[in-house]
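In what follows, a single structure is set out as structure tokens and then discussed.
So that the names make sense, note that chain A is the first sequence line, chain B the second, and so on, each numbered from 1. All values reported here derive from a predicted model rather than from experimental measurement.
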Amino acid sequence: MKYILTPKNFLDVALTLESGQAFRWQRHGDIWTGVVKNKVCRIVQDGLTVRFTGFTREEFIEYFDLRLDISEIYENTFSTHAEIRHLPQKYNGLRIMHQDLYECMLSFMLATNTSIPHIKSMIAKLSELCGEKIAGGYYAFPTPERILKSREKLCTCKLGYRERYIVEIARRIVDGSIELEKIKCMDYEHAVSELRGVNGIGNKVSDCICLFALKHYEAFPIDRHILDRVCRAYSSDNGFP
DNA sequence: TGTCGACCTGG
DNA sequence: CAGGTCGAC
């Protein structure tokens with residue numbers, strides 16, 4: 001499948017997939033391979049031309065949220081402060097992805113207080129342990145039922161203190177006390193308060209989920225790096241960034 | 001309501 | 001220490 005981008009609404013595949021929004025993509029040369037919705041997907045970009053397999057055209061557009069006029073978000077978010085006004089141009093092609101809510105919830109819960117390589121390793125091991133096997137030695141992201149079934153072996157994924165959180169979330173989804181479909185219908189404020197009611201999910205993670213799965217563009221996840229940069233920007237006459 | 005230490009694991 | 005959160009003051 002082939003998709004032609006426009007300069008106005010550009011997608012930089014590498015920049016976006018390396019940005020820390022998704023943790024299941026790997027690069028081999030100029031081919032990106034990942035698992036989305038139980039399917040192995042591949043993407044190659046050459047300028048404005050993007051070729052892909054695994055997605056339908058519609059799924060591809062949805063995943064990278066290509067219908068969104070990103071410049072509007074940038075305008076609303078960045079134009080009011082001189083210190084960050086140049087960032088949209090610098091990161092041209094960085095898209096806000098639209099990922100699966102369940103996978104996003106677990107992934108960013110796991111992503112607390114650790115490094116990106118460890119995050120990727122945890123998610124890869126979890127998928128290998130109990131995800132459904134799909135093509136070419138790849139595994140789907142495990143359903144809550146499958147996670148619970150593998151409860152005793154979860155220690156092999158090295159989740160650390162996050163293990164009990166992931167078990168609790170899986171259990172609550174199965175027993176219906178977390179209702180993903182309802183969360184999808186909520187506005188930003190309600191979604192945040194619902195997500196914050198889940199053990200292991202705090203301010204930063206709930207904002208990540210809102211931004212990367214629920215399309216609540218007003219969400220603004222504040223992690224260590226953001227905090228550092230904001231502090232630096234407003235502390236003294238240090239250059240910014 | 002705001003601050004502070006503990007927390008699994010890996011580099 | 002690392003792309004935080006929880007529970008106890």
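- Put simply, CG on A:Leu126 is 18 Å from P on B:dC8, counting in whole angstrom units.
- In this structure, A:Leu211 atom CG and C:dG3 atom P are separated by 19 Å, rounded to whole Å.
- Listed candidates were C:dT5, C:dC6, B:dC8. Nearest to the side chain of A:Tyr161 is B:dC8.
- Distance, A:Asp207 CG to C:dG3 P: 18 Å, rounded to whole Å.
- Residue A:Asp46 places its CG atom among 12 or fewer non-hydrogen atoms of other residues, nucleotides or ligands, all under 6.0 Å distant.
- Judged by distance alone, the side chains of A:Asp207 and A:Tyr188 do bring a donor and an acceptor atom under 3.5 Å apart.
- The CG atom of A:Leu17 lies 10.5 Å from the CG atom of A:Leu94; values are rounded to the nearest 0.5 Å.
- Using modelled atom types, one finds a donor on one side chain and an acceptor on the other under 3.5 Å when comparing A:Arg95 with A:Asn9.
- One C1' atom belongs to B:dA6, the other to C:dC1, and the distance between them is 15 Å to the nearest Å.
- C:dT5 atom P lies 9 Å from atom CD1 of A:Ile201, rounded to whole Å.
- Both A:Asn199 and A:Phe212 lie close to DNA chain C; mapped to their nearest nucleotides by heavy-atom distance, the more 5′-ward contact belongs to A:Phe212.
- Taking atom CZ of residue A:Arg164 and atom P of nucleotide C:dG4, one finds them 17 Å apart after rounding to whole Å.
- Look at CZ on A:Arg162: it is 14 Å from P on C:dA2, rounded to the nearest Å.
- Annotation: A:Arg85, atom CZ; neighbour count of heavy atoms from other residues, nucleotides and ligands within 6.0 Å is above 12.
- Remark: DNA chain C forms stems of 3 or more consecutive Watson-Crick or G-U wobble pairs, all pair distances under 3.5 Å, at B:2-7 with C:4-9.
- Atoms OH (A:Tyr165) and P (B:dC8) sit 9 Å apart, rounded to a whole Å.
- Interface residues of residues 100-124 of chain A facing DNA chain C, ordered by number: A:Ala111, A:Thr112, A:Asn113, A:Thr114, A:Ile116; criterion, heavy-atom separation under 4.0 Å.
- Heavy atoms only, all atoms of each residue included: A:Val174 and A:Leu148 are closest at CG2-CD1, 3.9 Å.
- Closest heavy-atom contact between A:Ile96 and A:Tyr217: CD1-CD2, 4.0 Å.
- Whole-Å rounding puts the A:Arg224 CZ to C:dA2 P distance at 5 Å.
- The aromatic rings of A:Phe60 and A:Tyr3 are tilted relative to each other, their planes meeting at an angle between 30° and 60°.
- With a 6.0 Å radius and a threshold of 12 heavy atoms from other residues, nucleotides or ligands, A:Lys184 has its NZ atom above the threshold.
- Only the P atoms considered, C:dA8 is 15 Å distant from B:dC8, to the nearest whole Å.
- Around CD of A:Glu58, the count of heavy atoms belonging to other residues, nucleotides or ligands within 6.0 Å exceeds 12.
- For A:Lys158, the listed nucleotide lying nearest its side chain is B:dT9; candidates were C:dG4, B:dT9, B:dC8.
- At C:dC6, one or more side-chain N or O atoms of A:Arg196 fall inside 4.0 Å of OP1 or OP2 (strictly under the cut-off).
- Listed nucleotides: C:dT5, B:dC8, C:dA2. Nearest to the side chain of A:Asn203: C:dT5.
- Residue contacts shown for A:Gly200 are limited to sugar-phosphate atoms, with no base heavy atom under 4.0 Å away.
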